[in-house]
Amino acid sequence: MSRTAGASATRLQSLGWGPWLESALEPFARDGLDPGRVTAEHRGAYTVSTEAGDVSVQLSGRLRHEAAGRGDLPAVGDWVVTDGESVHAVLPRRSAFSRKAAWRATEEQVVAANVDVVFLVCSLVDDLSLRRLERYLIMAWESGAEPVVVLTKTDLCDDVSQRTLEVQSVALGVPVHPVSCVTGDGFDALTAYAHGNRTIALLGSSGAGKSTLLNRLLGRDLMKTAAVRESDGRGRHTTSHRELVPLPGGGLAIDTPGMRELQLWEADAGLSGTFEDVEALFGECRFGDCSHEVEPGCAVLQAIEAGELHPDRLESYRSLRRELEWLERKQDRRAAADDRRRIRNRAKEIRRLPR
């Protein structure tokens, strides 16, 4: 019988366990390993919730050695198998919100895994950037989760309707919910996303109000919060790590630290989903190789002239497309370098063999 069947499965099911994980678990269950979900990560140590309770574990040496990069290591929200002391494997992910690791490394960083809904949290009064929101939307669409835009601090905004319309102009087909963590306005719509033990990830810049939003959803002050600086409208990074917590009405939520930068990672599908309006115009141009700059019969230029497409949106699309192409070239060079390194190491191992 499966380790998740019957009454013993209650705790795992409340954490989001589903039939899609059963076949992946079978070979590990035969070896006596238990499934669990990563609820927190602290400098290489993980808290994993299992049927028996929470355990603090490290990575097994084999998993650390065989991982091709950071993207193969456990992230908050991942389902893993453990012996109570070490994580031995990461089970297949249904979704993953990934970005390029910060700074210069050409490496994937999984911010949250197995997420059903991504709350993209933006403040209506502190540096609301449509260009930054486009990046979040790209990564949300690429993750496989359902994106939802949450606009916080409506109680401090003089023109909620106008700012919401601005956001809707780039968040095509995405629900947009203005809310106030002070008055509670708009929260009924948010709680509806957590039904059926679904997992929600809260993502956004520092100061957007993610931790305050989560505290309101929880009905208690679990996450530390701090005021936004008046000098520049920026927030402090009050959330220092990612953590998965159960919501009182069902479902789970992952709070994340504010992101100083959000560099794309393998986001072609996400780019198309976010800029569906722009790419739809490409097919209406007179020439198939139209550069959308000077050609006659260019549907893109006609849309801009008619006020149907803002020039900044086209430029944003071009800039993000160039960024993805640059990243793809970097990934190809890194893959080639990794192949050469493996060949050299294998050659060294062969030379050490007795003759």
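Model, not experiment: these values are computed from the prediction. Side-chain atoms are counted along with the backbone in the values below, which use heavy atoms only and exclude waters and symmetry mates.
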Would you check if R216 and T212 make a side-chain contact, meaning some heavy-atom pair closer than 4.5 Å? no
Flag, side chain of T154 to backbone of V179, donor-acceptor distance under 3.5 Å: yes
Could you check whether any side-chain N or O of T50 sits under 3.5 Å from a backbone N or O of G53, counting only pairs where one atom can act as donor and the other as acceptor? yes
Working to the nearest 0.5 angstrom, can you tell me the gap between T191 OG1 and L247 CG? 9.5 Å
Lys/Arg-Asp/Glu bridge criterion (N-O < 4.0 Å) met for E308, R313: no
Donor-acceptor contact present, side-chain K210 to main-chain V121, <3.5 Å: no
Any side-chain heavy atom of R198 sitting closer than 4.5 Å to one from H195? yes
Say you draw a straight line from OG of S86 to CZ of R64; how long is it, rounded to the nearest 0.5 Å? 9.0 Å
In plain terms, say whether D78 and R37 are close enough for a salt bridge, that is, a side-chain N and a carboxylate O under 4.0 Å apart. no
Indicate the atoms forming the closest heavy-atom contact of E41 with P74, along with that distance. OE1-O, 4.1 Å
How far apart are the C-alpha atoms of V148 and V118, what are their side-chain angles, what is the distance that settles it, and do they pass the side-chain contact (heavy atoms from CB on, under 4.5 Å) test? CA-CA 6 Å; V148 174; V118 178; over 6 Å; no
Is it the case that the side chain of N197 and the backbone of Q13 share a donor-acceptor pair, with hydrogens and angles ignored and the cut-off at 3.5 Å? yes
Decide whether L281 and L301 are clustered together by the hydrophobic rule: side chain heavy atoms of Ile, Leu, Val, Met, Phe, Trp, Tyr closer than 4.5 Å, transitively. no
Is it the case that over 12 heavy atoms from other parts of the model lie below 6.0 angstrom from the CG atom of D158? no
Can you list the residues that meet the ring pair (Phe, Tyr, Trp, His ring centres under 6.0 Å) rule with H177, with sequence neighbours excluded? Y193
Any V38 side-chain heavy atom under 4.5 Å of T47 side chain: no
Give the C-alpha distance, both sets of side-chain angles, the deciding distance and a yes or no for side-chain contact (heavy atoms from CB on, under 4.5 Å) between V278 and V300. CA-CA 7 Å; V278 176; V300 175; 5.5 Å; no
With rounding to the nearest 0.5 Å, note down the distance linking OG in S169 to CG in L130. 5.5 Å
Rounded to the nearest 0.5 Å, what's the gap from CG on L151 to OG on S123? Could you check? 9.0 Å
Where is the tightest heavy-atom contact between R94 and D116, given as atom of each residue plus distance? NH2-OD1, 3.0 Å
Is there a donor-acceptor pair closer than 3.5 Å between any side-chain N or O of S180 and the backbone N or O of D185? no
Between K153 (side chain only) and G209 (backbone N and O only), is there a donor and an acceptor less than 3.5 Å apart? no
In this structure, CG of L217 is separated from CG of N215 (nearest 0.5 Å) by 9.0 Å
In terms of hydrophobic clustering (I, L, V, M, F, W, Y; side-chain heavy atoms under 4.5 Å; direct or indirect links), are V48 and V110 co-clustered? no
Would you say the side chain of P175 lies within less than 4.5 Å of the side chain of V149, judging by non-hydrogen atoms? no
Taking the side chain as every heavy atom from C-beta outward, state whether L21 and P35 have any atom pair closer than 4.5 Å. no
Could you walk me through whether L25 and V81 pass the side-chain contact (heavy atoms from CB on, under 4.5 Å) check? CA-CA 8 Å; L25 173 65; V81 289; 3.8 Å; yes
Taking the side chain as C-beta and beyond, is there a heavy-atom pair between L120 and L137 under 4.5 Å? yes
Sequence neighbours excluded, which residues qualify as ring pair (Phe, Tyr, Trp, His ring centres under 6.0 Å) partners of Y317? F275, F282
Take atom CD of E166 as the centre, draw a 6.0 Å sphere, and report whether it contains more than 12 heavy atoms from other residues, nucleotides or ligands. yes
For a side-chain contact (heavy atoms from CB on, under 4.5 Å) check, start with the C-alpha distance between L213 and L190, then their side-chain angles and the critical distance, and finish with the verdict. CA-CA 10 Å; L213 178 69; L190 298 187; 3.8 Å; yes
When rounded to the nearest 0.5 Å, the distance separating CG of L133 from CZ of R131 is 9.0 Å
Over all heavy atoms of both residues, which pair between A140 and F97 is shortest? Give the atoms and the distance, please. N-CE1, 3.6 Å
According to a 4.5 Å side-chain heavy-atom criterion applied to Ile, Leu, Val, Met, Phe, Trp and Tyr, with indirect links allowed, do M139 and V76 form part of one hydrophobic cluster? yes
Looking at every non-hydrogen atom in both residues, tell me the closest pair between N114 and P92 and how far apart they are. OD1-O, 4.2 Å
Looking only at atom types and distance, does a side-chain atom of S95 sit under 3.5 Å from a main-chain N or O of V115, one as donor and one as acceptor? yes
Return yes if some donor-acceptor pair links the side-chain N/O of S60 with the main-chain N/O of V87 below 3.5 Å, else return no. yes
Side-chain heavy-atom pair Y136, L203 within 4.5 angstrom cut-off: yes
Identify the two heavy atoms, one from A89 and one from L63, that lie closest to each other, and give their separation to 0.1 Å. N-CD2, 4.2 Å
Near E279 CD, under 6.0 Å, is it more than 12 heavy atoms from other residues, nucleotides or ligands? yes
Considering only heavy atoms from C-beta outward, does the side chain of L252 approach that of L15 to under 4.5 Å? yes
I'd like to know whether S291 forms a side chain to side chain donor-acceptor pair (under 3.5 Å) with E295, so could you lay out the CA-CA distance, the side-chain angles of the two residues, the decisive distance to 0.1 Å, and finally the verdict. CA-CA 7 Å; S291 66; E295 293 87 346; 2.6 Å; yes
Run E134 and S316 through side chain to side chain donor-acceptor pair (under 3.5 Å) and show every step you take. CA-CA 9 Å; E134 286 169 344; S316 179; 2.5 Å; yes
In a check of side chain to side chain donor-acceptor pair (under 3.5 Å) between H88 and each of D31, D83, T82, which one passes? D83
Shortest non-hydrogen contact from L128 toward C122: CD1-CB, 3.7 Å
For the side-chain contact (heavy atoms from CB on, under 4.5 Å) test, which of V80, V55, T39, V57 pairs with Y46? V57
Are any of the side-chain nitrogens in D54 or R11 under 4.0 Å away from the carboxylate oxygens of its partner? yes
Tell me whether F28 is reachable from W20 by hopping between hydrophobic residues (I, L, V, M, F, W, Y) whose side-chain heavy atoms are closer than 4.5 Å. yes
Treating T274 as the side-chain partner and L271 as the backbone partner, does any N or O pair qualify as donor plus acceptor under 3.5 Å? no
Quick one: do E325 and R318 make a salt bridge, cutoff under 4.0 Å? no
